[in-house]
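Side-chain atoms are counted along with the backbone in the values below, which use heavy atoms only and exclude waters and symmetry mates.
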Amino acid sequence: METKSRCVSYVGSGTACQARIPPPEIPVTGDCATAATQTTTCSGSPGQKAEAEEIKQRLAQFLRDDLKLELSEDKTLITHARTGAARFLGYEITVLHNDRKITRGKRSINGVIALRVPRDVIKAKCTPFLVRGSPDLRSRLVNDDVHTIIRTYGDEYRGLVEYYLMAGDVHRLSRVRWVMETSLLKTLACKHGSTVSKMAARFKTTIKTPYGPRICFQASVERDGRSPLVARFGGIPLRRKKNAVLTDRYPLPVTARRKELITRLLAGKCEICGLTGTVDVHHVRKLADLDRPGRPQPAWAQLMAKRRRKTLVVCPLCHDTIHARQPTTTPTQ
């Protein structure tokens, strides 16, 4: 009997590819599972490597013939999912195998797809907080207030952990937590001229989580008539969320106010004589030129100085009069 191995095919699509591939029209043999984004796709096939190569060729043909795109060979990887791992959206995708894991008399995890946190991600996230291999303070944050320091560390740590909560080995991020926590305490100790142990005792607190109490570091800013601002680092259980749901937040529509000059131009009204129609804009270099002692200023200069504006929307006649250094007309003339 022939034994089939499970292969994972990681395919990087061509430049500026906006389609989800493969579409339903592409025939794929075997039990093939595919997940896709706008730029990458990852396919798993429980067969030989030759079958994965065939799927890759069909994908390349579809991109070339239907979408007029070329598959990037440099970003294409076909690997054995049990002995290797495919990278997809920052995760490592692999297949578990352990004959000693017995549940109800059966091997329970063999052939199960698993997500892992890549080792290079852990190393890369620790590097900004290390100096010669040891956690060190962040000098650029020393002059900030305590709330800002803890919030900055907390936001970075929370974003990393919550992204990898679907990984089976999310507990490996405890290394990142220890490095960032030590760097945070050293930054606070430098700010207050104290020690790390005193800072830990001062800001340490315990919060409740679905997996029991967790220790974190917290700072609060009291506000009159409103709830206090709370900044927190840590307190997130490094436990896998099997049913995690990724919710993309759509940006809210923002109504940007027009610039004042644009509004004045659209009004089409001379700000000196009040005449409507075609208008120009008169500029001065700086407001100090409009208020020179010992020199009488014309009406248009007094108007600009009163408004504290270096621009004046005027009709062509008043504009020519300004440059001719003659008295301008008024709305009553």
With hydrophobic residues grouped by side-chain heavy-atom distances under 4.5 Å, do Leu312 and Val281 end up in a single group? no
I need the minimum non-hydrogen distance between Gly268 and Val279, along with the two atoms involved. C-CG1, 3.7 Å
Answer with yes or no whether the hydrophobic clustering places Ile215 together with Val176; edges join I, L, V, M, F, W, Y residues whose side-chain heavy atoms lie under 4.5 Å apart. no
Backbone of Lys123 reached by a side-chain donor or acceptor of Thr127 within 3.5 Å: yes
So which atom in Ser183 and which in Asp136 form the shortest heavy-atom distance, rounded to 0.1 Å? OG-O, 2.6 Å
Quick one: are Phe129 and Glu156 in side-chain contact, heavy atoms under 4.5 Å? yes
Chi angles and distances behind the side-chain contact (heavy atoms from CB on, under 4.5 Å) call for Leu67, Phe62: CA-CA 7 Å; Leu67 301 182; Phe62 165 75; 3.8 Å; yes
Show the numbers, then the answer: is there a side-chain contact (heavy atoms from CB on, under 4.5 Å) between Arg132 and Leu130? CA-CA 6 Å; Arg132 297 180 181 178; Leu130 298 176; over 6 Å; no
dist Lys198:NZ -> Thr195:OG1 (nearest 0.5 Å) comes out at 5.0 Å
Check whether any side-chain heavy atom of Arg240 sits under 4.5 Å from a side-chain heavy atom of Met166, and report yes or no. no
Return a table of donor-acceptor pairs under 3.5 angstrom between the side chains of residues 222-236 and protein atoms on other chains or two or more places apart.
| residue | atom | partner | partner atom | Å |
| --- | --- | --- | --- | --- |
| Arg223 | NE | Ser227 | O | 2.9 |
| Arg223 | NH2 | Ser227 | O | 2.7 |
| Arg232 | NE | Gln218 | OE1 | 3.0 |
| Arg232 | NH2 | Gln218 | OE1 | 2.9 |

Electrostatic pair Arg87-Asp120, nearest N-O below 4.0 angstrom: yes
Decide side-chain contact (heavy atoms from CB on, under 4.5 Å) for Trp300 and Val284; before the verdict, give the C-alpha distance in whole Å, the side-chain angles of both, and the deciding distance to 0.1 Å. CA-CA 11 Å; Trp300 62 267; Val284 295; 4.3 Å; yes
Consider only side-chain heavy atoms of I, L, V, M, F, W and Y, link residues closer than 4.5 Å, and tell whether Val117 and Ile113 are in one cluster. yes
To the nearest 0.5 Å, what is the distance between SG (Cys273) and CG (Leu317)? 7.0 Å
Exercise: identify the closest heavy-atom pair between Val121 and Gly90: CG2-O, 4.5 Å
Give me the atom names and distance for the closest heavy-atom approach of Phe217 to Ile150. O-CG2, 3.7 Å
Which atoms form the tightest heavy-atom contact between Ala200 and Lys204, and what is the distance? O-CB, 2.8 Å
What's the spacing between Thr187 OG1 and Leu137 CG if we round to 0.5 Å? 5.0 Å
Please assess Tyr153 against Glu181 for the test side-chain contact (heavy atoms from CB on, under 4.5 Å), listing each intermediate value before the final yes or no. CA-CA 8 Å; Tyr153 277 88; Glu181 177 184 306; over 6 Å; no
In terms of hydrophobic clusters joined by side-chain contacts under 4.5 Å, are Leu238 and Tyr91 together? yes
Taking 4.0 angstrom as the limit, do Glu260 and Arg308 come out as a salt bridge? no
Do the non-hydrogen side-chain atoms of Arg239 and Val170 ever get within less than 4.5 Å of each other? no
Starting at NZ of Lys191, measure out to CG of Asp145 and round the result to the nearest 0.5 Å. 6.5 Å
So NE2 of His282 and CD1 of Ile272: to nearest 0.5 Å the spacing works out to 8.5 Å
Donor-acceptor pair, Asp144 side chain versus Ile149 backbone, under 3.5 Å? no
Any side-chain heavy atom of His192 within less than 4.5 Å of one from Met199? yes
When hydrophobic residues are tied together by side-chain contacts of less than 4.5 Å, even through go-betweens, does Met180 share a cluster with Ile122? yes
Would you name the heavy atoms of Arg116 and Ala85 that are closest together and state the gap between them? NH2-CB, 3.5 Å
Heavy-atom check, side chain of Val142 versus side chain of Arg138, under 4.5 Å: no
For His171, does its backbone N or O pair with a side-chain atom of Ser174 as donor and acceptor, under 3.5 Å? yes
Rounded to the nearest 0.5 Å, what separates atom CG in Leu173 from atom CG in Leu165? 8.5 Å
When you compare the side chain of Leu188 with that of Val146, does any pair of heavy atoms fall below 4.5 Å? yes
Between Arg119 and Glu92, is the closest basic N to carboxylate O distance under 4.0 Å? no
What I'd like to find out is whether the side chain of Thr206 reaches to under 4.5 Å of the side chain of Arg214, using heavy atoms alone. no
Is it true that, when you exclude Arg107 itself, more than 12 heavy atoms of the residues, nucleotides or ligands shown sit nearer than 6.0 Å to its CZ? no
Going by heavy atoms in the side chains, are Val95 and His97 under 4.5 Å from each other? no
Just checking, any donor-acceptor pair under 3.5 angstrom between side chains of Arg264 and Thr311? yes
